*Asks:* 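This is the structure I have questions about; it appears just below.
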Amino acid sequence: MKNIFQDLNKEQRVAVEHTDGPSMVIAGAGSGKTRVLTYKVAHLLNQGVDPFNILALTFTNKAAREMKERIIQLVGTGDARNVWMGTFHSIFARILRIEGHRLGYGSNFSIYDTEDSKRLINNIIKEQNLDKKVYAPNYVLGRISGAKINLMDDKQYNENFEIIQADKMAGKPRIGEIYTIYNKRLQSADAMDFDDLLFNTYILLENFPDVLHKYQHKFHYVLVDEYQDTNHVQYMIIRKLAAANENICVVGDDAQSIYGFRGANIQNILSFQRDYPDTIVFKLEQNYRSTKTIVSAANGIIVNNKEQIFKEIWTNNDAGNKIGLLRAPTDSEEGNMVAGSIFEHMMNNQLPYSAFAILYRTNAQSRAFEEALRRRNIKYRIYGGLSFYKRKEIKDLLAYFRLAINNRDEESLQRVINYPARGIGKTSMENVVIAANAAGVSLWEVVSDPKKYSLQVHGGIISRMGSFTTMIKSFSAQLKSRDAYDLAKHIASSSGILKDLYEDKTPEGVSRYENIEELLNAVKDFTDQSIADQESGEVQEDLKTLDGFMADIALLTDADDKDKEDTNHVSLMTIHAAKGLEFPYVFVVGLEENLFPSMMSLNSREDLEEERRLFYVAVTRAMKQLTLSYADNRYKWGLLSPSEASRFLEEINENFLERPMHSRPKVNTGLKSTGSSGGFTPSFGKRTLKKINKTELSQPGYDTREDDIQTGMEVEHQRFGKGKVVSIEGYGGNRKATVFFQKVGQKQLLLKFARLKVLK
DNA sequence: ACCGTATTCAGCGCG
DNA sequence: TGAATACGGT
């Protein structure tokens, strides 16, 4: 047993040593948060605590995996393996597979991902003859998800006066009804969506005292990572589980709470001490990651937020370079400048590509940087694209697996019943849905016994349905007798998927075929694991089966372990995706009003504060040097519109910026937009939230200036020069003009931004 | 059943 | 702009 304390500073050590009773570790950016959590688990194990009695909850699989690896390094494989460590969803799914029968679920229930949920909602909306523009599936799912997060089932939803009013006001009075149907359909499919994994766990603990007792006494120690990102239902589950022993330790940083938009409640961390009056608070305030300049600048940013836990982050590191600031005329030029700057840094300091990261607010911004980097032959990788398990071909094959495991899985059935094409088309399936809904049974029930439900389809289709169900049934029957890989291969070929993809010789088709092969390799790895375990002498009850594989991977989102080779590249990702990471040289780009902070965040202080925390997260990713950039004009939805520097730039103390004060970012006052070097206006910092809301200013009747522009007029644009108005369309803030310019040709301009001068 | 064209819409995204 | 989906024609 290694003395683990030598790796920790004093603050980290006392936090790790405190094991019993509630505690909260407020860990500033770069202060060794993960280290404390992993060492705490290791410490508990060293103290002789049974690993089965420790529950450690994380938000991502990656975090859980990395933590587990580090604990294994500290205490060895045996103990570390048995700690209940994983994401909220995976741990609770595990509990629900054991206990879910009390709520009417089978142990092999399916888990619907967001795509499945949306499809189901879409179907319900169609069946109910609702306008899907009014009832946008995304919006509806958001409402339902919000309700589940706040522990409101469909019955409560439909009885809640405020909710009913709110939906009525929004012109969507039937959301409650959709919620009810949606839940019913999930039930009859023996499926849970992501929110159900949390919601049902809570219900289980709330309504079944023996279950509550069991898990309270199982988990003597509860540890929660990223506590600032927990939502209400997660919070309530944690409270219940920890109630008996109160050996609860939460770790987080309120300043890095950036997931409010998906239900995270920053109040959970802000009021933890109130929830557990005996709480001991540990603060990790020493930053090991960044230069003094970066740390001070970050402190200067976050201090503008009202709601936070007081802390003072400091560092012993060097002062380092000042923060760079790049101003570009357009977004593509911004790409060039950043790529150029990366190239320069690389040459001057002999750095690898991997020393650099470009962080942006929205995925759509990545293109300019991709192009610029490609032009300079700088290797890069974009993070956050379509993950392996979300690809169509993978989901198709997985749907066959899911259907074999759970015949009632409606989304999987719909997905594969006619893929590869076997002549069971849309119309037939619509009839199946009608019959199933009428009889209150799953689609499978109808498809496998069409006569019983007097299904109105041709005899030919009945027989095709027969051969389909026979095939699926034969898969189901082999679940326990064949090993996972064997059966998976069998399903891939006898379903016709392999053949279908093999015949497609386009590059995309080839890559899809390869993806299927990769999935099958993953199944093989899983299957082979059992052999390894047997060799190591561990008791292995049965062979590794396909349902075991599915339970393992159902909640995985990334297949990142495969391509470890080639790690030397510039990283491009959103700031959200960068949380928890660090890079020597970081470029935070697109610092413009209405982009960062996002236009959607300007309506409330809470949202703007979250946006500022996001900026704080971005800035604190940098170790050696931070560079910020923005563009004066940016393509948005196909047209070039002017943008102004972000208010966040003003929150960085001049002394930390590379540029002297007289060339500070120009503040667009709306008065004039060219020349004049000294743009600093004292009133800038005091700008109210309201003023930014430009659309409001451009409503018809409020500002008539744009309406003066008519077809045929000759106009002048500050950048494009003189031109003639070809046509006008739209109203208010969306009023657009198509103008033919002498120099640059035809452009479409959003009038509220274009500031055209009428010549004639 | 399938393909090309029209239309629409646009935030960050864990599991 | 461009991706995703709906629709209408063959």
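Computed from a predicted structure; not experimentally measured. Letters A, B, ... mirror the listed sequences (proteins, then strands); counts begin at 1.
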*Asks:* Can you tell me how far P of B:dC14 sits from CD1 of A:I111, to the nearest Å?
*Replies:* 16 Å
*Asks:* So, using side chain to side chain contact (heavy atoms under 4.5 Å, CB included) as the criterion, who are the partners of A:E66 when residues are at least two apart?
*Replies:* A:K62
*Asks:* According to a strict under-4.0 Å criterion, is A:N363 in side-chain N/O contact with OP1 or OP2 of B:dA10?
*Replies:* no
*Asks:* From the list B:dC14, B:dG13, B:dG11, which nucleotide is the closest neighbour of the side chain of A:M600?
*Replies:* B:dG11
*Asks:* Figure out the CZ/P separation between A:R361 and B:dA10, and round it to whole Å.
*Replies:* 15 Å
*Asks:* Can you tell me which nucleotide in B:dG15, B:dC12, B:dG13 comes closest to the side chain of A:H89?
*Replies:* B:dG15
*Asks:* For A:N304, enumerate each residue passing the side chain to side chain donor-acceptor pair (under 3.5 Å) test, keeping only those at least two apart in sequence or located in another chain.
*Replies:* A:E651
*Asks:* Hey, does A:E610 reach any base, or is it just sugar-phosphate, or nothing, if we go heavy atoms under 4.0 Å?
*Replies:* nothing
*Asks:* Using whole Å, what does the distance between atom P of nucleotide B:dG15 and atom CG of A:D552 come to?
*Replies:* 15 Å
*Asks:* Kindly write out the residues that satisfy side chain to side chain donor-acceptor pair (under 3.5 Å) with A:K392, not counting sequence neighbours, or none if the list is empty.
*Replies:* A:D396
*Asks:* Using side chain to side chain donor-acceptor pair (under 3.5 Å) as the criterion, list what pairs up with A:K68, not counting sequence neighbours.
*Replies:* none
*Asks:* For A:I203, give me all partners under side chain to side chain contact (heavy atoms under 4.5 Å, CB included), at least two apart in sequence or on another chain.
*Replies:* A:L103, A:F199, A:N207
*Asks:* When you list every nucleotide of DNA chain C with an atom under 4.0 Å from a heavy atom of chain A, which one comes first 5' to 3', and which comes last?
*Replies:* C:dT1 to C:dA6
*Asks:* Tell me what A:T60 touches on the nucleic acid: a base, only sugar-phosphate, or nothing, going by heavy atoms under 4.0 Å.
*Replies:* sugar-phosphate
*Asks:* For A:A29, enumerate each residue passing the side chain to side chain contact (heavy atoms under 4.5 Å, CB included) test, keeping only those at least two apart in sequence or located in another chain.
*Replies:* A:Q256, A:R289, A:Y616, A:T620, A:R621
*Asks:* Closest approach to the side chain of A:N61, judged atom by atom: which nucleotide of B:dC14, B:dC12, B:dG15 is it?
*Replies:* B:dG15
*Asks:* Nearest 0.5 Å please: distance from the OH atom of A:Y360 over to the OG atom of A:S629.
*Replies:* 12.5 Å
*Asks:* Can you sort out the partners of A:N150 under side chain to side chain contact (heavy atoms under 4.5 Å, CB included), two or more places apart, ordered by chain and number?
*Replies:* A:H232
*Asks:* Ring stacking, A:F261 with base of B:dC12, under 5.5 Å and under 30°?
*Replies:* yes
*Asks:* Mind running a 4.0 Å heavy-atom check of residues 193-201 of chain A against DNA chain B and sending the residues that fall below it, in number order?
*Replies:* A:F194, A:D195
*Asks:* Could you give the distance separating B:dG13 and C:dA4 at their P atoms, to the nearest angstrom?
*Replies:* 15 Å
